[in-house]
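Take a look at the structure below.
So that the names make sense, note that chain A is the first sequence line, chain B the second, and so on, each numbered from 1.
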Protein chains: 2
Amino acid sequence: MSDMSIGRLSALSGVKVPTIRYYESIDMLDAPPRSPGGQRRYGPGHLERLRFIRHGRELGFGLDDLRALQDLSARPDQSCDEADRIARRQLQDVERRIAGLEAVRAELLRMVERCSHGVVDECRVIQTLSEHALCVHHDQAGQTPSKAG
Amino acid sequence: MSDMSIGRLSALSGVKVPTIRYYESIDMLDAPPRSPGGQRRYGPGHLERLRFIRHGRELGFGLDDLRALQDLSARPDQSCDEADRIARRQLQDVERRIAGLEAVRAELLRMVERCSHGVVDECRVIQTLSEHALCVHHDQAGQTPSKAG
DNA sequence: CTTGAACCTCTAGTCACTAGAGGAATTAGG
DNA sequence: CCTAATTCCTCTAGTGACTAGAGGTTCAAG
Ligand SMILES: [Zn+2]
Ligand SMILES: [Zn+2]
Ligand SMILES: [Zn+2]
Ligand SMILES: [Zn+2]
């Protein structure tokens with residue numbers, strides 16, 4: 001259980017090796033003891049914390065929020081108001097992003113469906129992009145383009 | 001119409017001044033002629049192109065995609081297959097992100113609703129983050145945490 | 001001609017990583 | 001005990017799409 005290498009910790013936590021080192025560098029994760037040769041040796045506490053972080057990241061929390069939540073979870077007797085506030089804010093943010101993406105989805109659907117698959121000049125995709133007047137009002141989307149992961 | 005300053009172009013296009021300069025620096029927007037004193041002077045073509053870019057960004061297209069779409073729109077006689085392919089890929093990406101965010105939303109809702117608003121030790125928010133076992137399987141979300149200006 | 005707003009270039013920072021160079025430590029097998 | 005393969009180390013730089021700020025110049029109105 002104890003004395004895990006970084007590779008083993010990575011396998012058990014689902015967090016990539018360079019990401020673990022990155023977390024240490026920004027003080028998201030305690031620096032572990034080292035082997036005589038200087039390699040990191042982790043214990044079960046590190047694994048637990050990494051899983052906490054990973055789960056939080058999957059839910060879209062920023063690292064600052066996760067730091068705050070982690071600090072709170074270390075003080076079990078305190079009120080959880082702050083934790084709930086952070087979670088509600090995150091929920092609202094997610095809902096806002098979903099709403100934006102739904103609007104975007106609707107417009108992309110219209111573009112793709114109405115395309116006659118002919119030449120560019122008659123292409124609804126290009127037309128829609130060129131003429132903002134053709135589109136329903138949509139302002140903020142969820143940001144971040146294509147690649148992720 | 002012609003000989004717009006960058007500030008006027010910004011106001012008419014809805015794209016911020018530093019962003020316009022950034023677009024020029026990465027060759028998304030043609031460098032305009034300059035005034036005797038060296039300031040940028042834009043014409044209506046620049047405005048049109050900026051609006052195209054802005055609309056595309058609102059729909060979540062990456063700048064590379066928009067460059068490709070812009071190149072296509074300059075050749076009206078070509079087949080629009082490529083444009084349609086790009087748009088369909090973007091649609092799929094948006095739908096994938098919506099699905100991820102819906103899963104995240106469901107879990108955040110459960111967290112927030114089941115919190116008893118007591119102390120941290122009993123807080124469902126913290127518990128859920130700590131115990132991945134408590135959660136329905138959710139893998140990829142839409143990425144990008146909180147802030148999006 | 002003076003003022004103040006808008007403009008210029010350049011560098012660096014954001015967020016959460018990811019990739020790669022160049023080398024050292026560990027582990028398994030023989 | 002020796003070797004080879006794998007894993008580990010640090011460090012720097014790059015990603016996408018901007019944003020912020022310093023320090024200076026030009027423009028437009030009065
Ligand atoms: Zn088409
Ligand atoms: Zn639109
Ligand atoms: Zn709570
Ligand atoms: Zn979960």
B:Arg67 CZ - D:dA17 C1' separation (whole Å): 11 Å

Of the candidates D:dT19, C:dC8, C:dC7, the side chain of B:Ser5 sits closest to C:dC7

For side-chain hydrogen bond (donor to acceptor under 3.5 Å, both in side chains), just list the numbers for A:His117 and B:Asp81, CA-CA rounded to whole Å, side-chain angles, deciding distance to a tenth of an Å, and then say yes or no. CA-CA 7 Å; A:His117 305 297; B:Asp81 283 358; 5.4 Å; no

What distance separates A:Leu69 CG from A:Gln90 CD, expressed to the nearest 0.5 Å? 10.0 Å

Is the phosphate of D:dC18, meaning OP1 or OP2, less than 4.0 Å from a side-chain N or O of B:Lys16? no

For DNA chain D, consecutive-pair runs of 3 or more (Watson-Crick or G-U wobble, both H-bond-type distances under 3.5 Å) give C:1-30 with D:1-30

A:Glu24 vs A:His46, side-chain hydrogen bond (donor to acceptor under 3.5 Å, both in side chains): CA-CA, chis, key distance, verdict: CA-CA 11 Å; A:Glu24 183 183 322; A:His46 290 102; over 6 Å; no

d(CD1, B:Ile20; C1', D:dT19) in whole Å: 14 Å

Return no unless some side-chain N or O of A:Tyr22 is found under 4.0 Å from OP1 or OP2 of C:dC15. no

Rounded to whole angstrom units, what separation is found between the CG atom of A:Leu29 and the P atom of C:dA16? 16 Å

Shortest non-hydrogen pair, A:Val120 vs B:Ser79, comes out as CG2-O, 3.6 Å

Output the rounded distance in Å from CD1 (B:Ile26) to C1' (D:dA17). 8 Å

Minimal heavy-atom distance between A:Ser10 and A:Val15, with the atoms involved, is OG-O, 2.7 Å

Rounded distance in Å - CZ (A:Arg54) to C1' (C:dC17): 15 Å

D:dA17 phosphate, OP1 or OP2, under 4.0 Å from B:Tyr23 side-chain N/O: no

Taking CG from A:Leu50 and P from C:dA16, how many angstroms apart are they, rounded to a whole number? 15 Å

Got a salt bridge between A:Arg67 and A:Asp71, using NZ or NE/NH1/NH2 to carboxylate O under 4.0 Å? no

Hey, does B:Ile6 reach any base, or is it just sugar-phosphate, or nothing, if we go heavy atoms under 4.0 Å? sugar-phosphate

Measure across B:Met111 and B:Arg124 and return the closest heavy-atom pair with its distance rounded to 0.1 Å. O-CB, 3.7 Å

Which nucleotide wins on minimum distance to the side chain of B:Arg40, given the candidates C:dT9, D:dT19, C:dT18? C:dT9

Check B:Leu129 against A:Gly56 and note the closest heavy-atom contact, atom names and distance. CD2-CA, 3.4 Å

Pair B:Arg85 + B:Glu82, salt bridge at N-O below 4.0 Å: yes

Within the pair B:Arg57 and D:dC18, is there a side-chain N or O less than 4.0 Å away from OP1 or OP2? yes

Rounded to the nearest angstrom, tell me the gap between atom CG in A:Leu9 and atom P in D:dC9. 11 Å

Distance check, rounded to the nearest 0.5 Å: A:Arg49 atom CZ versus A:Leu66 atom CG? 12.5 Å

Using nucleotides 25-28 of chain D, report all nitrogen or oxygen pairs with the protein that are shorter than 3.5 Å.
residue, atom, partner, partner atom, Å
D:dC27, OP1, B:Ser35, OG, 2.8
D:dC27, OP1, B:Gly37, N, 3.0

What nucleic acid atoms does A:Arg21 come within less than 4.0 Å of, heavy atoms only: base, sugar-phosphate, or nothing? base

Length of the CD-P vector between B:Glu24 and C:dC7, whole Å: 14 Å

